[in-house]
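Lettering follows sequence order; numbering is per chain, from 1.
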Amino acid sequence: ELKVEQNPLFLSMQEGKNYTIYCNYSTTSDRLYWYRQDPGKSLESLFVLLSNGAVKQEGRLMASLDTKARLSTLHITAAVHDLSATYFCAVGRANKLIFGTGTLLAVQP
Amino acid sequence: DAGVIQSPRHEVTEMGQEVTLRCKPISGHNSLFWYRQTMMRGLELLIYFNNNVPIDDSGMPEDRFSAKMPNASFSTLKIQPSEPRDSAVYFCASSSHSGVNSYEQYFGPGTRLTVT
């Protein structure tokens, strides 16, 4: 059974600081996705990572995938308040996505 | 494209009543997914369809829940009878099997269900 673990579950950051969210998964997959969810809103796709070593960046967020280590990271650079949200990673299994528990990110002034 | 459309956006009903949630996937997408999200259990996959055919309904909590996809542009999730523990946000998502970002799921706005 594929399991997806995220850590930390909750992250309180100061504006301007850097931090990394980790996503570990238990069995082989070559597809990994990162989503963002604002309070009371739906899930919005951020990144799609489809191969080992894939790296994608959008603004202050950068995601990477190491399929051999079964690990993806979401790095936040110089956090700003607008990044406060819950971030989910999801691993592809056949047609399904297996979601992690989410990381609640709170960026404090 | 309008994205995934769900209705209603909010539903308040009394215990024992039937509830029907509706979803219109993105045109051209092959797969449709129903999720439930609660604080306690997080995001749970209830059921998904490929080409209108139910593939995996192992996440459906009990027989009170049923889902149909009569055509490529419409799906329903029905709860009968509803119970207070069914209160949650229900998301519908769709994906395509082809293209650059195949299997990427696009989520609808969700239906917030409250059963009193």
Side-chain angles (χ1 to χ4, degrees), chain A residues 1-10 21 23-25 28-51 54-58 63 65 67 72 74 85-106, chain B residues 1-7 9-10 23 25-26 29-59 69 88-112 114:
Chain A
E1 180 188 354
L2 175 59
K3 293 185 179 179
V4 181
E5 294 183 350
Q6 282 183 242
N7 67 84
L9 298 182
F10 177 71
I21 299 171
C23 175
N24 292 89
Y25 53 99
T28 302
S29 176
D30 57 1
R31 292 181 286 127
L32 191 132
Y33 307 79
W34 283 95
Y35 287 84
R36 168 179 172 150
Q37 185 178 33
D38 292 304
K41 303 293 186 182
S42 185
L43 282 78
E44 172 191 356
S45 179
L46 291 175
F47 299 109
V48 179
L49 303 169
L50 298 176
S51 61
V55 177
K56 290 195 174 179
Q57 183 165 3
E58 180 73 32
L65 177 61
T67 58
S72 179
L74 181 66
T86 298
Y87 293 85
F88 292 91
C89 66
V91 177
R93 169 65 68 198
N95 288 354
K96 299 193 300 186
L97 295 184
I98 310 301
F99 280 82
T101 52
T103 296
L104 175 59
L105 173 65
Chain B
D1 197 318
V4 177
I5 299 172
Q6 290 186 246
S7 64
R9 297 290 305 275
H10 300 273
C23 176
I26 292 173
H29 279 191
N30 318 84
S31 297
L32 183 140
F33 306 81
W34 283 102
Y35 292 89
R36 178 172 69 176
Q37 187 177 40
T38 60
M39 287 293 293
M40 292 297 295
R41 301 176 68 91
L43 191 64
E44 303 173 275
L45 175 64
L46 300 178
I47 185 171
Y48 81 95
F49 297 82
N50 277 353
N51 297 316
N52 313 339
V53 176
I55 301 301
D56 182 352
D57 65 354
S58 60
M69 191 165 186
V89 179
Y90 291 81
F91 289 105
C92 175
S94 69
S95 69
S96 170
H97 297 177
S98 61
V100 175
N101 291 333
S102 59
Y103 301 106
E104 180 181 8
Q105 292 185 16
Y106 296 82
F107 282 74
T111 295
R112 181 172 298 275
T114 303

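Surrounding CD of A/Glu5 are at most 12 heavy atoms belonging to other residues, nucleotides or ligands under 6.0 Å away. More than 12 heavy atoms of other residues, nucleotides or ligands sit less than 6.0 Å from atom CZ of A/Arg93.
Pairing each heavy atom of A/Ser42 with each of B/Pro109, the nearest pair is CB-CA, 4.0 Å.
Using a 4.5 Å cut-off between heavy atoms, A/Leu97 touches chain B through backbone and side chain atoms alike. At a 4.5 Å heavy-atom cutoff, the contact between B/Asn50 and chain A is made by side-chain atoms alone. Contact of B/Gln37 with chain A is made through the side chain alone, with heavy-atom distances under 4.5 Å.
For the atom pair A/Lys96 NZ and B/Asp56 CG, the distance stands at 4.0 Å (nearest 0.5 Å). Taken to the nearest 0.5 Å, the CG atom of A/Leu43 stands 6.0 Å off from the CZ atom of B/Phe91. Interatomic distance, CD1 of B/Ile55 versus CG of A/Asn95, reported as 7.5 Å (0.5 Å rounding). Annotation: the span from A/Tyr35 atom OH to B/Phe107 atom CZ amounts to 5.5 Å, rounded to 0.5 Å.
Among B/Ser31, B/Ser95, B/Gly110, B/Gly108, the residue with the largest count of heavy-atom pairs under 4.5 Å with chain A is B/Gly108.
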